[in-house]
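Just below is one structure, and these are the notes that go with it.
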Amino acid sequence: MSVLGKLASALGRNDEQPNVELAEALASKPDAAAIAELAGALSAGPTAVSNDAIKVLYELGARKPELVAPHAAAFLTLLGGKNNRNVWGALQAIETITALQPDAVLAQLPAILAAADKGSVIAKDKAVAILVKLAAAGYGAEALPLLLERLGAAAPNQFPMYAEQALPVIDAAHRAGFTSLLEGRVAAIEAPAKRARVEKLLRKLRK
């Protein structure tokens, strides 16, 4: 049976469980040909199939990113498409492979950020995670200014999480700007628990 026959839509299912189970199976017993077939279905298959395929691939990427990293181009190609489910899924998949394919991701960073800006909160979360991973991979000069820009524009509910993710990759050149940004935002955070998280980061930065 083709791997596509194991997707939720092929099984007449409306839930994601078959796709998650397929990702788990491929993680435990890798099949390069099956993974390549799923990647090919992203742009060549019917919408239902491509939606299922991207789910399998980003779930697989979360478990074994090295198995999907060779298909970075397939994920990046989806970013300009009209299928919002696939765009969101592509951002998820790209986030899982950024550490392994930083050059490919960096080359398409404008498209990645543009897609995230048009998407949901989760899409914006993934954009921040991608920038953090790029900085961790040695591309701080390119990624950190963009990361700080996104932090400055982040919604209050997301700001503490983004700041926590950013802290480990903030280098000496961006430390003052990061600290200033946190100081400027903390007073406007109404939720006490979220404000406390930012205050904790500030204490670490001031040591």
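Side chains included, hydrogens not; waters and symmetry mates left out as well; all remaining heavy atoms used. Numbers for residues simply follow the sequence, beginning at 1.
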Applying a strict under-4.5 Å side-chain criterion to I, L, V, M, F, W and Y, I'd like to know whether I54 and V20 cluster together. no
Under a 3.5 Å distance rule, please check whether S180 uses its side chain to pair with a backbone N or O of A176 as donor and acceptor. no
Side chains of D125 and Q158: donor-acceptor distance under 3.5 Å anywhere? yes
Closest heavy-atom pair and its distance - P160, I189: CG-CD1, 4.4 Å
For the student: nearest non-hydrogen atoms of P65 and L100, plus distance: C-CD1, 3.6 Å
Main-chain N/O of A193 paired with R197 side-chain donor or acceptor, under 3.5 Å: no
Cluster link V87 to V128, ILVMFWY, side chain under 4.5 Å: no
Do K55 side-chain atoms and G89 backbone N/O form a donor-acceptor pair below 3.5 Å? no
Heavy-atom pair of closest approach, residues A36 and H71: CA-CE1, 3.6 Å
Are the side chains of F159 and L182 in contact, using a 4.5 Å heavy-atom criterion? yes
Between side-chain atoms of residues 145-157 and protein atoms elsewhere (two or more places apart, or another chain), which donor-acceptor pairs fall under 3.5 Å?
unit_1 : atom_1 : unit_2 : atom_2 : d
R150   : NH1    : D117   : OD1    : 3.1
R150   : NH2    : L113   : O      : 3.4
R150   : NH2    : D117   : OD1    : 3.0
R150   : NH2    : D117   : OD2    : 3.3

Any donor-acceptor N/O pair, D52 side chain to L7 backbone, under 3.5 Å: no
Within 6.0 Å of CD in E190, more than 12 heavy atoms from elsewhere: no
Look at the side chain of R175 and the backbone N and O of I170, then say whether any donor-acceptor pair between them is shorter than 3.5 Å. no
Can you list the steps and then say if L79 with L91 is a side-chain contact (heavy atoms from CB on, under 4.5 Å)? CA-CA 8 Å; L79 295 175; L91 289 168; 3.9 Å; yes
Indicate if V169 and L167 have the same hydrophobic cluster label, given that clusters are the connected sets of ILVMFWY residues with side-chain heavy-atom separations under 4.5 angstrom. yes
Heavy-atom closest pair, residues S28 and A25: OG-O, 3.0 Å
Under 4.5 Å between side-chain heavy atoms, hopping through other hydrophobics if needed: is there a path connecting I122 to L78? yes
Is there a path of hydrophobic side-chain contacts, each under 4.5 Å between heavy atoms of I, L, V, M, F, W or Y residues, that connects L131 with L76? yes
